[in-house]
Amino acid sequence: MKTILLNSIKQALFSLYSIDDKSIIISIEKTREGFTGDFTFVVFPILQFSKKKTEETANEIGSYISKQCDIISSYNIVKGFLNISIKNNIWISELNKIFFSKEEKTENKSTVMIEFSSPNTNKPLHLGHIRNNLLGDSISRIIEKDGNKVIKVNLINDRGIHICKSMLAWIKWGNGATPESTGIKGDKFVGDYYVLFNDKYKKQIEDLIKEGKTEEEAKNAATLLLETRELLRKWENNDTEIIKIWNLMNSWVYQGFEITYKNLGISFDKIYYESQTYLLGKSVVTEGLEKGIFVRDTDNSVWIDLTNEGLDRKILLRSDGTTVYITQDIGTVLKRFEEYNPDKLIYVVGDEQNYHFEVLKKIISKIDPENSEKIKHLSYGMVELPDGKMKSREGTVVDADDLIENMIQTAEEISETSGKINELESYEKNEIIHQIALGALKYYILKIDPKKQIIYNPKESIDFNGNTGPFIQYTFARIESILKNAEKLNFNYNFKLSENIKLSEIELKIISELLEFKNTIHEAAEKYNPGIIANYIFELAKNYNQFYHDNNILKETNRDILHLRLILSKQVSITIKESMNLLGIKVPNKM
RNA sequence: GGUCUGGUAGCUCAGUUGGAUAGAGCAACAGCCUUCUAAGCUGUGGGUCAUAGGUUCGAAUCCUAUCCAGAUCACCA
């Protein structure tokens with residue numbers, strides 16, 4: 001419909017003022033609230049070609065297209081704005097089209113690999129990780145829905161000096177305790193030992209300073225740190241005893257993560273472990289050295305000089321030959337292109353690493369220029385508390401499991417008061433409450449533009465009214481209830497709507513929104529922004545609620561109008577379900 | 001200090017790539033349940049779009065400077 005209109009305008013411009021596509025970008029937009037019309041064409045840019053007055057130009061275009069194009073019912077002009085109204089029956093025929101068109105399976109346009117989550121095995125998941133997980137999961141769904149093949153990957157940070165800290169603490173002070181013996185969730189259990197290590201280490205340093213050492217000396221002399229380093233050496237030399245403990249502790253963590261992932265409804269196609277990838281980049285660096293991309297310093301460390309490109313010098317191999325963070329990233333990038341040859345490789349990582357990814361792209365561009373352009377860093381703002389950053393060491397962390405548990409409790413209370421699902425079986429009730437709790441949480445996080453930071457105030461609970469997940473779920477449940485009651489009317493949905501119905505303003509608005517669904521998905525996929533989907537559903541649900549309030553659908557006596565309203569409702573419910581699914585949110589039939 | 005990101009109603013956020021009178025939701029206030037689910041609907045109040053210049057028919061949107069907040073610039077990851 002929009003394309004027909006656009007083409008007609010293009011034709012008008014060409015035949016009236018000989019303007020072709022290339023000399024100017026022609027676009028139409030939705031008519032603003034408060035003005036008559038469905039679409040608006042701004043004529044100001046045309047004046048330089050028409051050399052006529054604004055009104056006159058607008059009039060010429062208006063009368064040309066309304067003769068040419070038979071979907072137009074009327075037009076009006078306000079200043080330089082040409083407002084065009086579309087015939088009523090065209091809207092209905094468009095609704096017929098989307099309702100009866102079978103979901104065409106689009107061929108996979110391209111293959112997109114998305115890395116997200118990437119947890120550290122020392123730290124239980126907190127609200128920051130939740131944002132990462134939800135963004136990664138949602139954007140995967142959106143890109144897939146937009147017609148691409150998506151591979152979701154997770155790279156678990158399971159090695160390094162920090163992992164040795166919790167291992168050392170457990171060996172020294174754990175007395176053989178396990179998550180089973182203590183009843184603590186696996187990832188929390190290990191996380192506690194990490195905290196314990198830091199406490200003891202801090203104390204040791206304080207003691208050393210009291211003995212008269214400087215802070216610097218104390219840090220190097222602390223036996224705990226020396227022992228940790230020794231542990232790391234043993235690990236890297238494949239010491240069987242250490243590897244055994246490492247495997248054991250990791251298995252606890254993974255059991256814990258599994259529960260949280262399941263609660264969040266998140267899964268991966270492939271899981272990488274850093275312990276298996278951390279050596280990858282080394283050979284690439286050696287090759288690069290020979291080609292002169294990298295340089296070796298006098299102390300034997302290897303660097304890349306990016307000062308010409310506005311960045312700094314960056315180390316790639318330490319003087320002792322070991323790799324750093326970015327070295328393994330170089331390796332995994334190249335390996336992924338080799339194994340899967342994705343058209344895009346997206347990293348969902350916080351904006352604190354913007355610089356890291358800038359450097360990574362630059363480095364790859366020197367080794368493999370073609371693929372470097374396919375790397376995309378989906379950067380998002382940190383989640384912070386009103387008084388600053390969450391710090392696991394200081395205990396100012398909003399724990400993922402606790403937060404989910406809180407949400408479930410609130411959902412339960414609200415549901416209890418409303419009493420609408422009280423008579424259900426408890427397993428069914430719990431399922432619905434879980435859906436609502438997670439709907440509220442996910443929507444709350446995802447509706448915000450990823451690049452903005454979120455300040456989460458634990459004292460103000462996440463809302464269940466207004467622009468929220470539950471509001472949309474509620475709208476869906478209401479529609480489902482209507483459709484269920486409508487079954488008694490034995491309505492046959494399989495014939496097309498009569499096009500002679502006069503649509504109300506709100507009906508027209510809803511139809512026009514339904515028509516935008518596909519474009520919205522595409523836009524969200526292009527911009528890597530689930531918030532666009534969230535805003536879209538909210539608008540749709542809000543308008544539907546107004547429509548619901550204004551019309552008693554099932555009491556309508558005119559069969560044609562009843563038919564229209566049922567199909568409209570059904571299409572809205574389908575659209576809500578699909579778009580909520582893009583945010584990873586389930587919608588209940590009752591609530 | 002250099003670089004990057006953000007600053008829109010008391011609070012949380014939109015603003016379709018430069019268009020008309022800047023919009024929602026919370027919170028406040030006033031209404032609406034004998035009628036398909038009131039987690040809903042309707043209405044009222046609330047703004048120097050951080051500030052100052054510039055670009056043009058037209059700026060919250062583009063440019064420059066300044067202020068505020070955050071991130072980053074490691075032989076950490």
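Labels below follow one simple rule: chain letters A, B, ... track the order of the sequence lines, proteins then strands, and each chain is numbered from 1.
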> What's the NZ-C1' distance between A:K451 and B:A71, to the nearest Å?
Replying inline: 15 Å

>> By the rule that syn is within 90° of 0, classify the base conformation of B:C33 as syn or anti.
In response: syn

> To the nearest Å, how far apart are A:E526 CD and B:U17 C1'?
Replying inline: 13 Å

> So, is A:R229 near the phosphate of B:C76, with a side-chain N or O under 4.0 Å from OP1 or OP2?
Replying inline: no

>> For a quick check of understanding: with a heavy-atom distance under 4.0 Å over all strands, which category does A:K488 fall into, base, sugar-phosphate or nothing?
In response: nothing

> Quick one: does NZ or CZ of A:R478 land under 6.0 Å from the six-membered ring centre of A:Y548, within 45 degrees of the ring axis?
Replying inline: yes

> Considering only the P atoms, how many Å lie between B:C68 and B:C76, rounded to the nearest integer?
Replying inline: 34 Å

>> Distance check, C1' atoms only: B:A14 and B:G54, in whole angstrom units.
In response: 28 Å

>> Counting the atoms with a prime plus P, OP1 and OP2 as sugar-phosphate, which does A:D449 contact under 4.0 Å by heavy atoms, base, sugar-phosphate, or nothing?
In response: sugar-phosphate

>> Base, sugar-phosphate or nothing for A:Y444? Non-hydrogen atoms, less than 4.0 Å.
In response: nothing

> Side chain of A:E352: nearest nucleotide among B:U72, B:A14, B:G70?
Replying inline: B:U72

>> Output the rounded distance in Å from CG (A:L155) to C1' (B:A77).
In response: 11 Å

>> Using a 4.0 Å heavy-atom cut-off, does A:E274 contact any base of the nucleic acid, only the sugar-phosphate backbone, or nothing at all?
In response: sugar-phosphate

>> Across nucleotides 32-43 of chain B, 5' to 3', mark each nucleotide with B, S or - according to how protein heavy atoms within less than 4.0 Å reach it.
In response: ---BBBSBSSS-

> P atom, B:G18 versus B:G6: distance in rounded Å?
Replying inline: 15 Å

> Rounding to a whole Å, what distance do you find between A:E33:CD and B:A20:C1'?
Replying inline: 13 Å

> Would A:K590 and A:E480 pass as an ion pair if we require N to O under 4.0 Å?
Replying inline: no

> Expressed as a whole number of Å, how far does the P atom of B:C4 sit from that of B:G10?
Replying inline: 31 Å

> Expressed as a whole number of Å, how far does the P atom of B:U21 sit from that of B:A59?
Replying inline: 10 Å

> Considering only the P atoms, how many Å lie between B:U37 and B:C41, rounded to the nearest integer?
Replying inline: 16 Å

>> Please enumerate all residues that pass salt bridge (Lys or Arg N to Asp or Glu O under 4.0 Å) together with A:D305, with sequence neighbours excluded.
In response: none

>> Under a plain distance cut-off of 3.5 Å, with no hydrogens placed, do A:E60 and A:Y17 share a side-chain donor-acceptor pair?
In response: yes

>> For a quick check of understanding: with a heavy-atom distance under 4.0 Å over all strands, which category does A:I315 fall into, base, sugar-phosphate or nothing?
In response: base

> When the ring planes of A:F357 and A:Y347 are compared, do they come out parallel, tilted or perpendicular, using 30° and 60° as the limits?
Replying inline: tilted

> Syn versus anti for B:U34, judged by chi lying within 90° of 0?
Replying inline: anti

>> Between B:U72 and B:C57, how far apart are the two C1' atoms, rounded to whole Å?
In response: 43 Å

>> Any base atoms under 4.0 Å from A:Y355, or only sugar-phosphate, or nothing? Heavy atoms, all strands.
In response: sugar-phosphate

> Can you find a side chain N or O atom of A:R32 that sits less than 4.0 Å from OP1 or OP2 on B:G23?
Replying inline: yes

>> Below 30° counts as parallel, above 60° as perpendicular, anything between as tilted: where do the rings of A:H129 and A:H126 land?
In response: tilted

> Short question: side chain of A:T327, backbone of A:L316 - any donor-acceptor pair under 3.5 Å?
Replying inline: yes

>> Check the orientation of A:W246 and A:W235. Use parallel for under 30°, tilted for 30 to 60°, and perpendicular for over 60°.
In response: perpendicular

>> I need the CG-C1' distance between A:N120 and B:C76, as an integer number of Å.
In response: 12 Å

>> Mind checking if A:P45 touches a base, just sugar-phosphate, or nothing, with heavy atoms under 4.0 Å?
In response: base

>> Let me spell it out: for each of A:R159 and A:T40, pick the nucleotide of RNA chain B with the closest heavy atom. Which residue's pick is nearer the 5' end?
In response: A:T40

> Does some side-chain heavy atom of A:I408 sit less than 4.5 Å from a side-chain heavy atom of A:I433?
Replying inline: yes

> For A:D463 and A:N157, take the nucleotide of RNA chain B holding the closest heavy atom to each; which residue's nucleotide lies nearer the 5' end?
Replying inline: A:D463

>> So, taking the atom named CE in A:M382 and the one named CD in A:Q453, what distance separates them when rounded to the nearest 0.5 Å?
In response: 9.0 Å

> Can a cation-pi geometry be assigned to A:R131 and A:Y380, taking NZ or CZ under 6.0 Å from the six-membered ring centre and within 45° of the ring axis?
Replying inline: no

> How would RNA chain B look in dot-bracket form, 5' to 3', counting Watson-Crick and G-U wobble pairs with both distances under 3.5 Å and writing | for bases paired to another strand?
Replying inline: (((((((..((((.....[...)))).(((((.......))))).....(((((..]....))))))))))))....

>> Please report the distance separating the P of B:U66 from the corresponding atom of B:A24, rounded so that it comes out in whole Å.
In response: 37 Å

> Between A:K451 and A:D449, is there a side-chain N and carboxylate O pair less than 4.0 Å apart?
Replying inline: yes

>> Any base atoms under 4.0 Å from A:V324, or only sugar-phosphate, or nothing? Heavy atoms, all strands.
In response: sugar-phosphate

>> Any base atoms under 4.0 Å from A:N83, or only sugar-phosphate, or nothing? Heavy atoms, all strands.
In response: base

